[in-house]
Number of protein chains: 2
Amino acid sequence: METLSSNISNRDVASLLHRHGVQPTAQRTEIALAIFCNAGHQSADEVYEAVNADATRVSRATIYNTLKLFVDRGMIRPVIVAPGKVFYDPNMAPHYHLYDTDTGELTDIGADQVKIHGLPKLPPDKQLDGVDVVVRMRSHPNSPHGAH
Amino acid sequence: METLSSNISNRDVASLLHRHGVQPTAQRTEIALAIFCNAGHQSADEVYEAVNADATRVSRATIYNTLKLFVDRGMIRPVIVAPGKVFYDPNMAPHYHLYDTDTGELTDIGADQVKIHGLPKLPPDKQLDGVDVVVRMRSHPNSPHGAH
DNA sequence: GTGCTTGCAAATGCTTTGCACAAAA
DNA sequence: TTTTGTGCAAAGCATTTGCAAGCAC
């Protein structure tokens, strides 16, 4: 529904924040803009760079706090691809990820393409929190990138 | 020390190391024993504790270096469940994981139970490095554990 | 004024690295 | 001897937190 990755105005962001019960401060609006306009997945540091590319100055603490807030409020979701490598994904629709180990690039795999069957039943006191699928790929061992 | 779920002797470990081209030092043997005897998934720190529970003293540096070596040699594989939360899985057979967000517990899902269809074709210069599936579950919001 | 928000800087947690010493080939 | 492995302590990186100052209602 609110998977808008293209042209988003400040008003859209304001309403997005409002819908998720987040007070729209200047910093949060900047951060939301950076996340929802710059399509794709960004790390906390990339968000920091994006937000501070223009005049605005937002501290790393606020970046992290805000990303955490957005995650808690279900506006974005974290994608963990390697230890210490977390991307934030504005696409809340069910989908999966393709990760290039060599370049660190992360791309989406639509949920409609992939079908997963046979996931186990959860204990009654537990609820499903999400299914993370990361397909990892890398260059062949003999190709330029694959050398080690 | 080791609660052996599967009975693995030092000789088995020695041959395992040898088969993977790893020189069997005392420390590596200890670490391998800890990983392959203590069933289940352990973090680097848990391996450190397990190895040093008895007399043996192996430094953290060696634990990390050795785990990395084992991963590179295809003896174990890392499972990343959260930023800064990496488990090492001695089960190299294709399978998936169920992660309990509340307790931090990680359990296996056999690959035979789960079927995944429709994964995208990779670019010709890339090879599949692995498919990581982590099913995340947590307590219901109103249950004891779910409170936040 | 009261309560939420921000941001600096310090602290944390996990992991890697530099370097000297020890062991093995 | 030459190579390889070990371990301490220091460095590194990503993230969190304590706390004081700022802003909003």
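Excluded from the calculations below are hydrogen atoms, water molecules and symmetry mates; all remaining heavy atoms, backbone and side chain alike, are included. A, B, ... follow the sequence lines: proteins, then strands. Residue 1 opens every chain.
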What's the [atom1]-[atom2] distance between [X] and [N], to the nearest Å?
X	N	atom1	atom2	value
A:L69	C:dG7	CG	P	14 Å
B:F87	C:dC14	CZ	P	11 Å
B:I63	C:dT16	CD1	C1'	15 Å
B:I31	D:dG7	CD1	C1'	12 Å
A:E30	C:dT6	CD	P	12 Å

Side-chain touch [X]/[Y], heavy atoms, less than 4.5 angstrom:
X	Y	result
A:R77	A:M92	yes
B:I80	B:K85	no
B:V114	B:H95	no
A:L17	A:F70	yes

Output every pair passing ring-ring contact (aromatic ring centres under 6.0 Å, His included) with a member in residues 101-127 of chain A, not counting sequence neighbours, ordered by first then second residue.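 Qualifying pairs, neighbours excluded: A:H117-B:H117.
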If you compare every side-chain N and O of [X] against the phosphate oxygens of [N] (OP1, OP2), does one of them come in below 4.0 Å?
X	N	result
A:T62	C:dG7	yes
A:Q27	C:dG7	yes
A:T25	C:dC4	no

What does the list of N/O pairs under 3.5 Å between the protein and nucleotides 20-22 of chain C look like, with a distance for each?
none

N/O donor-acceptor pair under 3.5 Å between B:D102 side chain and B:S139 backbone: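 Answer holds: yes.
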Under 4.5 Å side-chain heavy-atom separation, chaining through any Ile, Leu, Val, Met, Phe, Trp or Tyr, what else clusters with A:F87? Say none if it is isolated.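 Its cluster mates, by chain and number, are A:V79, A:V81, A:Y99, A:L106, A:V134.
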Listed by chain and number, what are the ring pair (Phe, Tyr, Trp, His ring centres under 6.0 Å) partners of A:H18, not counting sequence neighbours?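 For A:H18, no residue satisfies ring pair (Phe, Tyr, Trp, His ring centres under 6.0 Å) once neighbours in sequence are set aside.
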Could you encode protein contacts along nucleotides 8-25 of chain D as a string, one character per nucleotide from 5' to 3', using B for base contact, S for sugar-phosphate-only contact and - for no contact, with a heavy-atom cut-off of under 4.0 Å? B-----SBBB--------
Not counting sequence neighbours, which residues clear side-chain contact (heavy atoms from CB on, under 4.5 Å) with A:L69? List them please.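 Testing A:L69 for side-chain contact (heavy atoms from CB on, under 4.5 Å), a comparison that skips the adjacent residues, returns A:V22, A:R28, A:R73.
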